[in-house]
Amino acid sequence: MSGSSEIIRAERLGFKYAGTDKPAIQNVSLSIGRGEFVLLTGPSGCGKSTLCRCLNGLIPNFYQGEISGDIMVDGLSTSKQLTSELSRHIGYVFQNPENQLFALTVEKDIAFGPENLGLSRAEIRSRVDSAMHVTNTVGLKDLAPYELSGGQQQRVALAGVLAMQPSMIVLDEPTSFLDPKTAEEIMSAAEQLRQDQGITILVVEHRLDLVARYAKRIIVMNKGEVVADGGLEETLDTQFEMLTGLGVGVPRVSLLWAMLRRDGFVTGRVPTHVEEAADSLSKRLGN
Amino acid sequence: MITLEQVWFKYPSGSLALQEVDFSVESGSFIAIMGENGAGKTTLAKHLNGLLKPSSGRVLVDGEDTRKKSVAQLARKVGLVFQNPDHLLFSESVRQEVAFALKNFGYPADVIETQVKRTLESLDLSEYADTSPFLLSGGERKRVALAAVLAWEPDYLILDEPTIGQDYQQKERLRNFILQLYSQGKAVVMITHDVEFVAECNPQVVLMSKGKVVGSGSADRVLSSDQLVEKASLVKPQMAKLFARLKPQGFPGDVVDVHRAKMLLEAKLVEVKGSVPQSP
Ligand SMILES: Nc1ncnc2c1ncn2[C@@H]1O[C@H](COP(=O)(O)OP(=O)(O)OP(=O)(O)O)[C@@H](O)[C@H]1O
Ligand SMILES: Nc1ncnc2c1ncn2[C@@H]1O[C@H](COP(=O)(O)OP(=O)(O)O)[C@@H](O)[C@H]1O
Ligand SMILES: [Mg+2]
Ligand SMILES: [Mg+2]
C-alpha cells in the first residue's frame, strides 16, 4: 500500500468543530503524490490548519466535532489509526510551536518520538544528531523549552518531526517565528529531504515568495473550500486577480510585473522569483 | 519618551540576553526591531513595559524608572502585544477579552462599548465578538490579542511579531492602523521578521544581534545594505534583490518598495522605448 504513488487522498472531506455552527472545511477533494512539494494558502481562518489536523489524525481523534467524507494517508484511514502510529507516516509542525514541546530539555524532546518507536540507542542518537544539525539546534540541546525564544522553539519542534523520518512532513506557517535567514534555510532543507529521501512536503504559508522556488503546486482555500489547485507558475499567471483579491501574499516581483503589465508597460508571463524578473526586465531595458 | 540606558539583562538560567543596550522611543515614532532568533528582541520588548527589569542600567518611561513602577501602572501608557497570542487570552468571549483592560482602567460602560466595537471592526473581528478566543484560528487569535491592547489606546504600542498568521489583506489593515496611530502622535514599536512588511511600512529600523544593537537607519537604507542585512541574519526584500541586479541600468540602490519600483521602471521603459505604453 505504501508503495502507491499517492500519499494523500481526500474525498469530499468536511469537518465541523463541536460547538460551532458552520463547518471549518467542507467538500475538500484532493490527491497529493509521493515526493511532491505543495504550498497550501488562503486567508486567515479559511481552514488550512483544520485540513492539516485531518491529515495527521488530530481530527477526528483529538478534536470533537463532525467529520464527513474520506481521508487516506499513506494508505491508512486516519480514524482507524492511533495518532502515534500515524506519526511514523506524517509529521506535523504546529503553527504555534510552544504547544508541541513538553520534555525537560530540547534534546529529550527531539528524542522522545524515536524512543517510542523502539529503535536502537545508536539509531536514536544518529537521528537526533542529524535533526539537530539540520535545524541548527545543537547549541540549544540542554535548555528547557520555556527558555527558548519563539523561533528557537519552532526549530526544535521541526527537529522532533524530522527525527521521526516520516514519509510526509506538514509545516503549518513555519516561517512565522523564524528569522528570514533561518526561514530560507529550513525551506531549502525541506527541499533537500524531498530530493534525497522522497519525503512529501506540504507547507502552509501566506508569503509565496518564501516557497515559490520549491513548490511546484499551489492549493488555495477560501471559506473552508479549495478554490484553486494547480501549478504554481500557471496559477500565479492566470489567476493573479483572484489570488490578490483573496489576500494571498503573492511575491512582490509578481505583483510588480502584474501592475506593469496592466498598465501596458510589459507583456508576457508573471515571474515567480527575482532572477526571472530581473532577466525579463534587463532584456526589455536593452541590456 | 522611553529610554534604555546601558541595559544588561541576564535570565535566572544564566543566559545573557541583553548587553549594553542604548535605545529610545520618542512619541510619534515608528520603529521596527529586527534580528536573528534569540537576538534579544522579545527580551527588550518586555523591558519597555516593565515586565522585565534590567540586571544593570535603567529604563525610563516618560522620565520614570521602571523599577519604581508596577507593571499595572505602566500598562496604561505602554501596551505590549505578546509574540505568542495564547499568553494573553483568557476571557470567555472575544468581546470580553477586548473589554477587559478598559474595565480595569475604570472607563464607563458606554465608552467601553463603542471602543470595543470600533477596535473589533478595524481588525475584522466583529463576526467573532461572541466566540471564545480558544475556538479561533491562529491568525484570528493573534488579532484578538492585538485588539485587546489597541482598545485602550496606550501612548506606546509594542507589537511582538504582529503579522504572524496574517494574510496580505490583514497585513494591509494592520499597516493602515499603525499609520493612523502614529500620525496621532502615538509611538509604535514592532518586532518582526517580515522584511516585505517592513519594506512597505518604511519605519526606522533597529537591528539586534546576540543581545546587542548592531545598526539602525531608515528601512530603505537598512534593507538594501548587504552589510547590515548580513549582520542581522536578514534577507533583502524582493525589490532590493531585483534592483541590485538592475544596478547596471543606472537605478538607485535603495529601492525596497514595489510602488517606487514601479515608478522608476515605468520612466525607464518609456525612455528606452521612446514611446508611451500601449494599452493591452
Ligand atoms: N524565559 C527565559 N529563560 C531563560 N532564557 C531565555 C528566556 N527567554 C528567552 N531566553 C533566552 O534569551 C535569549 C533572547 O531571547 P528572546 O526571546 O529575547 O529572543 P528574540 O530576539 O525575541 O527571538 P525570536 O525572533 O526567536 O522571537 C535567547 O538566547 C533565549 O534562549
Ligand atoms: N479548536 C477549534 N474549535 C472550534 N473552531 C475552530 C477551532 N480551530 C479553528 N476553528 C475555526 O475554524 C475555522 C478555520 O480555522 P483554521 O483551520 O485554524 O484556519 P487557518 O489555519 O486557515 O487560519 C475558523 O473559522 C476558526 O475560527
Ligand atoms: Mg492556521
Ligand atoms: Mg521573540
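The chains referred to below are lettered A, B, ... by the order of the sequence lines, with proteins before strands, and numbering in each begins at 1.
In this structure, a donor-acceptor pair under 3.5 Å is absent between the side chains of A:T267 and A:R261. Under the 3.5 Å distance criterion, with hydrogens and angles disregarded, no donor-acceptor pair is assigned to the side chains of A:R213 and A:T272. Judged purely by distance below 3.5 Å, without hydrogens or angles, the side chains of B:S15 and A:E147 never pair a donor atom with an acceptor atom.
B:S55 places a side-chain N or O within donor-acceptor distance of the main-chain N or O of B:K10, the cut-off being under 3.5 Å. One N or O on the side chain of A:K48 and one on the backbone of A:P43 form a donor-acceptor pair closer than 3.5 Å. The backbone N or O of B:N37 lies less than 3.5 Å from a partner atom in the side chain of A:D179, making a donor-acceptor pair.
With a threshold of 4.5 angstrom between heavy atoms, B:D160 does not approach chain A through any atom at all. Interface residue A:N96: only side-chain heavy atoms are found under 4.5 Å from chain B. Contact annotation for B:T42: neither backbone nor side-chain heavy atoms come within less than 4.5 Å of a heavy atom of chain A. With a 4.5 angstrom heavy-atom cutoff, B:E200 touches chain A only via side-chain atoms. Contacts between B:L234 and chain A at a heavy-atom distance below 4.5 Å involve backbone atoms as well as side-chain atoms. Looking at A:S49, there are no atoms closer than 4.5 Å to chain B (heavy atoms on both sides), in backbone or side chain. Contact annotation for B:E140: both backbone and side-chain heavy atoms come within less than 4.5 Å of a heavy atom of chain A. At a 4.5 Å heavy-atom cutoff, the contact between A:T244 and chain B is made by backbone atoms alone. Contact annotation for B:F251: only side-chain heavy atoms (C-beta onward) come within less than 4.5 Å of a heavy atom of chain A. For A:N99, the part lying under 4.5 angstrom from a heavy atom of chain B is the side chain only.
Between chain A and the residues B:D124, B:L246, B:D257, B:T131, the largest count of heavy-atom pairs under 4.5 Å involves B:L246. Here A:L178 is the residue among A:L178, A:L281, A:V204 with the most heavy-atom pairs under 4.5 Å with chain B. By number of non-hydrogen pairs under 4.5 angstrom with chain B, the leading residue of A:S149, A:G245, A:S176, A:P251 is A:S176.
Here B:H47 and B:F9 bring their ring centres to under 6.0 angstrom of each other.
Ionic pairing of B:R260 and B:D254 is present here: one or more N-O contacts between side-chain nitrogen and carboxylate oxygen are shorter than 4.0 angstrom. With respect to B:E266 and B:K262, a salt bridge is recorded, a charged nitrogen being found less than 4.0 Å from a carboxylate O. Between B:E196 and B:K171 there is no salt bridge, since no side-chain N of the basic residue sits under 4.0 Å from a carboxylate O of the acidic one.
Between B:Q170 and B:T163 there is no side-chain heavy-atom pair separated by less than 4.5 Å. The closest side-chain heavy-atom distance from B:L150 to B:V81 is not below 4.5 Å.
Residues of residues 252-259 of chain A that come within less than 4.5 angstrom of chain B, heavy atom to heavy atom, are A:R252, A:V253, A:L255, A:L256, A:M259 in numerical order.
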